[in-house]
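Worksheet: one structure, shown below.
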2 protein chains.
Amino acid sequence: MNVTKKIGRPRAFDYNTALLQAMAVFWEKGYDGASMRDLTGAMGITGPSLYAAFGDKRGLYLKTIDYYCSADACTPLVALEGEEDIEKALRAFLSEIIRSATEHESGATGCFLASSVVASVGQVDGVAERVEAAIADTEHRLAARFEREIEKGTLDPDFPAKSRAALLFDIRQGYMFKGRAGWSSERMLEEVDSRVEMLLSA
Amino acid sequence: MNVTKKIGRPRAFDYNTALLQAMAVFWEKGYDGASMRDLTGAMGITGPSLYAAFGDKRGLYLKTIDYYCSADACTPLVALEGEEDIEKALRAFLSEIIRSATEHESGATGCFLASSVVASVGQVDGVAERVEAAIADTEHRLAARFEREIEKGTLDPDFPAKSRAALLFDIRQGYMFKGRAGWSSERMLEEVDSRVEMLLSA
DNA sequence: ATCATTATGTAACGATCAGTACATATAGGA
DNA sequence: TCCTATATGTACTGATCGTTACATAATGAT
C-alpha cells in the first residue's frame, strides 16, 4: 500500500495504542472518575496532544466505546461464529466471555459497556445510542448463529432462535456482572455445560 | 413505643427521605459524577448537615447502597417468595424486575447496583463487598424458592435449584441492562412466559 | 435563666478539574 | 533556504471539587 507522506510534524505517539490505554482507564474508573491527568498519564501524552488527536474528553470516551464494540466485544462472537459444531460454539462463546470478564489484558474486569459505560448512560451524550446499538448487534449475531443451525437441520425449524439469543445475552450479562464483582473464572465455568444443554433444548 | 427525647438542636430534615434523594442522584450520575452540590441540592440540606448526619461522601454512598439492598432490591424477591404458585411467583418476580428497571419512582432506570454502583467497584472502598454480598443473598433466596417447590413435590427432587437460581439472576441482569439502555417494559415483558417455562423445565 | 448538647448556615480552604494560549519543534514541498 | 502545516510542551485559565472553621440557632436538663 502506498503510504502518502504527510506534511507537518509527525505525531510522536501511536493513536491506537493511546486509545487502548485510555479505554483501560475509562473501564476501570468510569467517565467522571477518570481525570485528564489519569488519561494523559496512561496514554503517555500531554493535554494539547490529546485534544488535537481525540477532540475532547467526551470525544475520546466515545472513541474508546466504538473501539471496544468493534474489537474486544466481538471476540466471543467471533468464537461462536467460527466454530461449526453448535455445542462447541456455545462453549467457546461462554468461555471467551468468562475469560474476558476476568482476565482482560487491560487488567479491568467485567465488560467495558456493562460494568462501566452503562453508568454514564443519560450523563454523556452519545452513550445511550451506542449501548442500544451494541445490544441489537450482539443479539442479532447470536440469533443468526442459531438460525444457521436451523438451516443446517441441526435444530428444529421451530427452534426459538431470537428467544435463545436473548437468553444467551442475559447469561453474558450475568457473567460480566460477576466478573466485575470479583468472581473467578473457575467458579463461572462450572455451569457452562448445563447452560449449553438448556440453550439448545427443544 | 416510648420515644426518648433527645437534647440538642433537632434535625431539620428527615434522614431517610434525604437518603432516598441521595440514592436517586448516585443512581443517575454515579459516585464520581454526583457532586456534593448535586447531593445537597437534592437532599435539601447544606454541606455541614450532610457531613454531620452521614459522615462523608463515601459514607453516604455506602449507606445508599445498603438501603437499596435492604429495600428496593428486595421487592422482586418478596413478590417471588410471597406467591404460592411457582409459575405465578416467577412471573411476579420478573414483572417486578422489569417494572423497577423501567419505572422506578426515583426516575432512574436499570438497577442501582448493576447499572451504576458496579462502575465504582475497585474505586470506592466497601463497594465490592456489598456487590458480592448482594449477589450471594439474591441467588440464595432464588434457590430457596425453588427448593421450597421441591419440598412441596411440585418440582422433582433432582431439580437443579441452584443452577436455575443462577440463570434467573442472569435474566435479571439482562433486564436491568436493557432497562438502563432505554428499553420499554412492554418489549421486555414479551419473553416472560417462555422464560418461566424454561426455568421450570426438567 | 443558664448550661450542655446537637444542628444549621455562611464562607472559605486547599486541591483538582477540563480545556487552551502561545512558543517551539519537526516534518514535506516549493 | 524558506514556507506551510501539524505536533508538542509549558504555563495558565476559570470553574468546581470535597470538606471544614466558626458563628449562630434550637432543643432538653438543671
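Given the structure is predicted, the values throughout are model-derived calculations rather than measurements. Residue numbers begin at 1 in each chain, while the letters A, B, ... track the order of the sequences.
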Can you tabulate the close N/O pairs, meaning under 3.5 Å, that link protein atoms to atoms of nucleotides 10-17 of chain D?
| from | atom 1 | to | atom 2 | distance (Å) |
| --- | --- | --- | --- | --- |
| D:dC17 | OP1 | B:S35 | OG | 3.2 |

Report task. Send over the distance from B:F13 CZ to C:dA7 C1', rounded to a whole Å. Result -> 9 Å

Show the distances under 3.5 angstrom between N or O atoms of the protein and N or O atoms of nucleotides 26-30 of chain C.
| from | atom 1 | to | atom 2 | distance (Å) |
| --- | --- | --- | --- | --- |
| C:dT26 | O2 | A:R9 | N | 3.1 |
| C:dA27 | N3 | A:G8 | N | 3.3 |

Report task. Considering non-hydrogen atoms only, spot the tightest contact between A:G179 and A:T102 and give its length. Result -> CA-CG2, 4.4 Å

Query - Donor-acceptor under 3.5 Å (A:D156 side chain, A:D158 main chain) - result: no

Side-chain donor-acceptor distances from residues 115-128 of chain B under 3.5 Å, at least two apart:
| from | atom 1 | to | atom 2 | distance (Å) |
| --- | --- | --- | --- | --- |
| B:S115 | OG | B:C111 | N | 3.0 |
| B:S115 | OG | B:C111 | O | 3.2 |
| B:S116 | OG | B:F26 | O | 3.0 |
| B:S116 | OG | B:W27 | O | 3.3 |
| B:S120 | OG | B:Y61 | OH | 2.7 |
| B:S120 | OG | B:V117 | O | 2.7 |
| B:Q123 | NE2 | A:E28 | O | 2.9 |

Query raised in the report: With a non-hydrogen cut-off below 4.0 angstrom, is B:A12 in contact with a base, only sugar-phosphate, or nothing?
Result: sugar-phosphate

Query raised in the report: For B:E81, which residues count as a salt bridge (charged side-chain N to carboxylate O under 4.0 Å, His left out) partner, sequence neighbours excluded?
Result: B:R141

Query - Interatomic distance where CG belongs to A:D56 and P belongs to C:dT20 [whole Å] - result: 8 Å

Report task. Could you tell me whether the side chain of B:R164 and the main chain of B:F146 form a donor-acceptor pair under 3.5 Å? Result -> no

Query - A:T138 side chain vs A:I135 backbone, donor-acceptor pair below 3.5 Å - result: no

Report task. Report the residues that fulfil side chain to side chain contact (heavy atoms under 4.5 Å, CB included) with A:D66, sequence neighbours left out, ordered by chain and then residue number. Result -> A:R130

Report task. Identify the two heavy atoms, one from B:Y15 and one from B:A53, that lie closest to each other, and give their separation to 0.1 Å. Result -> CE1-O, 3.6 Å

Query raised in the report: To the nearest angstrom, how far is A:M43 atom CE from D:dT8 atom P?
Result: 11 Å

Query raised in the report: Atom OH of B:Y51 to atom C1' of C:dG9: distance rounded to whole Å?
Result: 15 Å

Requested in this report: Quickly work out the B:R11 CZ to C:dT5 P distance and round it to whole Å.
Outcome: 18 Å

Query raised in the report: Do the side-chain N or O atoms of A:S49 get closer than 4.0 angstrom to the phosphate oxygens (OP1, OP2) of D:dA7?
Result: no

Query raised in the report: Over how many whole Å does the gap from A:D14 atom CG to D:dA7 atom P extend?
Result: 14 Å

Per-pair distances, 0.1 Å, donor-acceptor, side chain in residues 194-202 of chain A, under 3.5 Å, sequence neighbours excluded:
| from | atom 1 | to | atom 2 | distance (Å) |
| --- | --- | --- | --- | --- |
| A:S194 | OG | A:E191 | O | 3.1 |
| A:S194 | OG | A:E191 | OE1 | 3.2 |
| A:R195 | NH1 | A:Y175 | OH | 3.2 |
| A:R195 | NH1 | B:D170 | OD2 | 2.8 |
| A:R195 | NH2 | B:D170 | OD2 | 2.9 |
| A:S201 | OG | A:M198 | O | 2.7 |

Report summary line: From NZ of A:K29 across to P of C:dA18 the rounded distance in Å is 11 Å

